[in-house]
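Atoms within each ligand, like the ligands themselves, are counted from 1 in listed order. Because the structure is predicted, anything quoted here is derived from the model rather than measured.
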Amino acid sequence: MSLLSEKMSLFDAPQKYQAAGVYPYFRAIESDQDTVVTIHGKPVLMFGSNSYLGLTNHPRIKEGAIKAIEKYGTGCAGSRFLNGTLDIHLELEERLAKLVHKDEALVYATGFSVNSGVIPCLAGKDDYLLYDELDHASIIEGRRLSFANQLKYKHNDMESLERQLKRCESDKIKLIVADGVFSMEGDIAKLPEMVDLAKKYDASIMIDEAHSLGVFGQTSAGICEHYGVTDDVDVIMGTFSKSLATIGGFVAADKSIINYLKHNSRTLIFSASITPASTGCVLAALDVIAEETWRKDQLWANTARALDGFRKAGFDIGHTETPIIPLFVRDNEKTFILTRKLMDDGIFVNPVVSPAVPPEDTLIRFSLMATHTFEQIDEAIAKITRNAQLLGIIP
Ligand code: PMP
């Protein structure tokens, strides 16, 4: 065995969980992806998806993808910078900039590559990056690639953020980067307070709208629109892999920032552009979201029902106010066992365990879609409650 294989074989956590019959990852779905999916030939209720508006099977969005493939082919075989820019990329960028009320937008192949490729461009050597300790992994990646001074603040704690801002030199860029809605715990960034602090200390703000685009705001533009702080937030990023039903991402900002990114962002320049199919999907999805406003209303009705149901059942659900509901288990083993028991009961949820979160914050991530029915939600809550009681997670 090579040294490489030998070292890798020391990592045996998955095998341990597989042997115990509770390994919860890479579960293959054999059907289309709506509220009921097929796994191992059996129907399972899906409460682990980020398709908040339930759009992944929408006929108009599928048609958008098919038409784009028919016209442009299956891939761009190059980056946006060189041969990989299509007229529909430009059309999409214009639509996204308008949606989030910024001068310009730039489309990337994934949301991960937006955060990892934008953040290091905006804050360089001697500048400051101020980040929430629960920011998404792609933001962590972006700051790892930046030469800026890195200042962590406590989760959603604006006093902690202010303490860090006070440490920064006044003539350097101070970029605060945060999830708008936190991806695992479903709580919302304290944007109005953050904006006040940014003004006080002459800092800039970048907000990740991955889990808020399509979900928050009068025109579904996200959490910045919801709080009316779009003009005070310098950089908005979003992904197409949640509400927009496909894959890809974008960043939107003023002309000077987008111009800089177009010519310096390595994940844009040295990576192939988003596919024609995904571009066609997003263009169609934006139309559907604007027209079928019942989806957002139903998502919020579903969220209210689930929040109420889990609270009444005695679950600790933290500070969530969104379709992402964390059911705190606070124990790795029990989280895996509960996930497996629920799978056996026909309910798909996602376990979130250490090292992704500290062991005391281990949770089951339960997420809602607009297309769930109240009956499906009630059935899931009843099954989760029964299993959690048997495991001693709730009284
Ligand atoms: N930001 C956040 C907050 C996310 O949750 C995710 C995906 N889980 C991303 C960025 C990355 O997006 P994508 O899936 O498009 O790479």
Trainee: Starting from atom 5 (O) of ligand 1, find the nearest protein heavy-atom neighbour and note its residue, name and distance.
Mentor: His211 NE2, 2.6 Å
Trainee: Taking atom CD of Glu291 as the centre, does the number of heavy atoms from other residues, nucleotides or ligands within less than 6.0 Å exceed 12?
Mentor: yes
Trainee: For atom 14 (O) of ligand 1, what is the closest protein heavy atom, and at what distance to 0.1 Å?
Mentor: Ser241 OG, 2.9 Å
Trainee: Suppose we measure from atom 3 (C) of ligand 1 to each protein heavy atom; which comes out shortest, and what is that distance?
Mentor: Asp208 OD2, 3.4 Å
Trainee: What protein heavy atom is closest to atom 16 (O) of ligand 1, reported as residue, atom name and distance in Å?
Mentor: Phe112 N, 2.9 Å
Trainee: If the cut-off is 4.0 Å to any non-hydrogen atom of Ser183, which atoms of ligand 1 fall inside it?
Mentor: 5 (O)
Trainee: Decide if atom CZ of Arg95 counts as having more than 12 heavy atoms of other residues, nucleotides or ligands within a radius under 6.0 Å.
Mentor: yes
Trainee: Number the atoms of ligand 1 from 1 as they appear, then name those within less than 4.0 Å of a heavy atom of Ala210, with their elements.
Mentor: 1 (N), 2 (C), 3 (C), 4 (C)
Trainee: I'd like to know whether Tyr25 forms a ring-ring contact (aromatic ring centres under 6.0 Å, His included) with Tyr17, so could you lay out the CA-CA distance, the side-chain angles of the two residues, the decisive distance to 0.1 Å, and finally the verdict.
Mentor: CA-CA 10 Å; Tyr25 304 120; Tyr17 289 116; 8.3 Å; no
Trainee: Tell me whether ligand 1 is touched by Gly248 - counting only heavy atoms on the residue side and a distance under 4.0 Å.
Mentor: yes
Trainee: When Glu93 is tested against each of Arg80, Lys98, Lys262 for salt bridge (Lys or Arg N to Asp or Glu O under 4.0 Å), which residue passes?
Mentor: Arg80
Trainee: Kindly say whether Glu375 contributes a backbone atom to a donor-acceptor pair with the side chain of Asp378 at under 3.5 angstrom?
Mentor: no
Trainee: Please work out which of the three classes, parallel, tilted or perpendicular, describes the rings of Phe240 and Phe250, given edges at 30° and 60°.
Mentor: parallel
Trainee: In terms of atom number and element, which parts of ligand 1 are under 4.0 angstrom from non-hydrogen atoms of Gly111?
Mentor: 11 (C), 12 (O), 13 (P), 15 (O), 16 (O)
Trainee: Among protein heavy atoms, which sits nearest to atom 7 (C) of ligand 1, and what does the distance come to when rounded to 0.1 Å?
Mentor: Lys242 NZ, 2.6 Å
Trainee: Can you sort out which atoms of ligand 1 are near Thr239, meaning under 4.0 Å from one of its heavy atoms?
Mentor: 12 (O), 13 (P), 15 (O)
Trainee: Which residue owns the protein heavy atom closest to atom 9 (C) of ligand 1, what's the atom, and how far is it?
Mentor: His136 CE1, 3.5 Å
Trainee: Provide the number and element of each atom of ligand 1 under 4.0 Å from a heavy atom of Ser138.
Mentor: 1 (N), 9 (C), 10 (C)
Trainee: Would Tyr52 and Trp300 count as a ring-ring contact (aromatic ring centres under 6.0 Å, His included) here? Give the steps.
Mentor: CA-CA 10 Å; Tyr52 301 115; Trp300 282 106; 9.7 Å; no
Trainee: Any salt bridge linking Lys312 with Asp308? Criterion: basic side-chain nitrogen under 4.0 Å from a carboxylate oxygen.
Mentor: yes
